[in-house]
Amino acid sequence: MRAYYRALHRAWGRQHWWPARTRFEVIVGAYLTQNTSWANVEIALRRLRQARLLTLSGIRNTPLSELEGLIRSSGYFRQKAARLRTFVAFVDDRYGGSLTRMFSQPTEKLRHELLELNGIGPETADSILLYSGQHPVFVVDAYTRRILERHEITSPNAPYEEIRFLFERSLATLQSPTIVAQQNRVGEQSQLAHRPSAMSLAKRSSVAQIYNDMHGLIVRVGKHYCLKSRVICEKCPLQSFLPVPLDRRVKRISGKA
Ligand code: SF4
């Protein structure tokens, strides 16, 4: 995983995840992105922002039907509106309505609490912890699984936690001055997934930064090279890590062999 990180970072640099202005915007985005594309989420976030409701109090005080209408583009809007309300009630009840107090909890404790909430699975919990709270937790998504399976590193049914620990064990020690210097380099604008934002530039530990970067880089591989039904290995920075020669591999993935 360290070699993968180096190869991807060398190719594309920092990806500037998560594109958001505030911690709460990241959280709302993490809920809304479930089962839909980011483009649909952006529409919902823009509407909430324009209505000045992209805040804890906005979600808390807006009639549910109005909230549902504003986030309609993200799909499953009734369910998602109710879940956002559940999250705000959780912050209110347990942390007096303060995200700062919530995020000051130990990582494992807060992760456990988030996973207890309706509508929060491991990927959403870890996205909130890493991208909103700057906790050092690696986010495992469908792109991550796909790449690892195609490289024969994990099996299709590998548990979420197994994959998370694999990345965390490998990357937590990757803090050489070279890597940190590379991370801080500006000037790879054409390779960015997102423009720098208040949240992508938020202060975080070097471990959290590496997890942040690695997940963003994996998303880029999954979106542009390692697609669900097609692979473009010859242009992918991870090509040299393929476990079998490229021609045989392509045939196997595309089902031609
Ligand atoms: S596109 Fe090919 S080289 Fe890149 S991650 Fe997928 S299988 Fe590996």
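None of these values were measured; they are calculated from a predicted model. Note that ligands are numbered from 1 as they come in the structure, with each ligand's atoms numbered from 1 the same way.
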Full working for side-chain hydrogen bond (donor to acceptor under 3.5 Å, both in side chains) between R23 and T100
CA-CA 10 Å; R23 290 184 299 189; T100 301; 2.9 Å; yes

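Residue-level proximity to ligand 1 for R146 is absent, since no heavy atom of it falls below 4.0 angstrom.
Under the salt bridge (Lys or Arg N to Asp or Glu O under 4.0 Å) criterion, the residue pairs touching residues 87-106 are R60-D92, R94-E113, with sequence neighbours excluded.
For Y160, there are no ring-ring contact (aromatic ring centres under 6.0 Å, His included) partners, not counting sequence neighbours.
Put simply, C236 gets within reach of atom 4 (Fe) of ligand 1, with an N, O or S atom under 2.8 Å from it. Among the backbone and side-chain atoms of C226, none of the N, O or S atoms lies under 2.8 Å from atom 2 (Fe) of ligand 1.
The contact set between ligand 1 and Q239, taken as ligand atoms under 4.0 Å from a residue heavy atom, comprises 3 (S). Interface of V221 with ligand 1, defined as ligand atoms under 4.0 Å from a residue heavy atom, comprises 5 (S).
Residues T154 and E162 have side chains that never bring a donor and an acceptor to within less than 3.5 angstrom of each other.
Counting heavy atoms of neighbouring residues, nucleotides and ligands inside a 6.0 Å radius, atom NE2 of H224 exceeds 12 of them.
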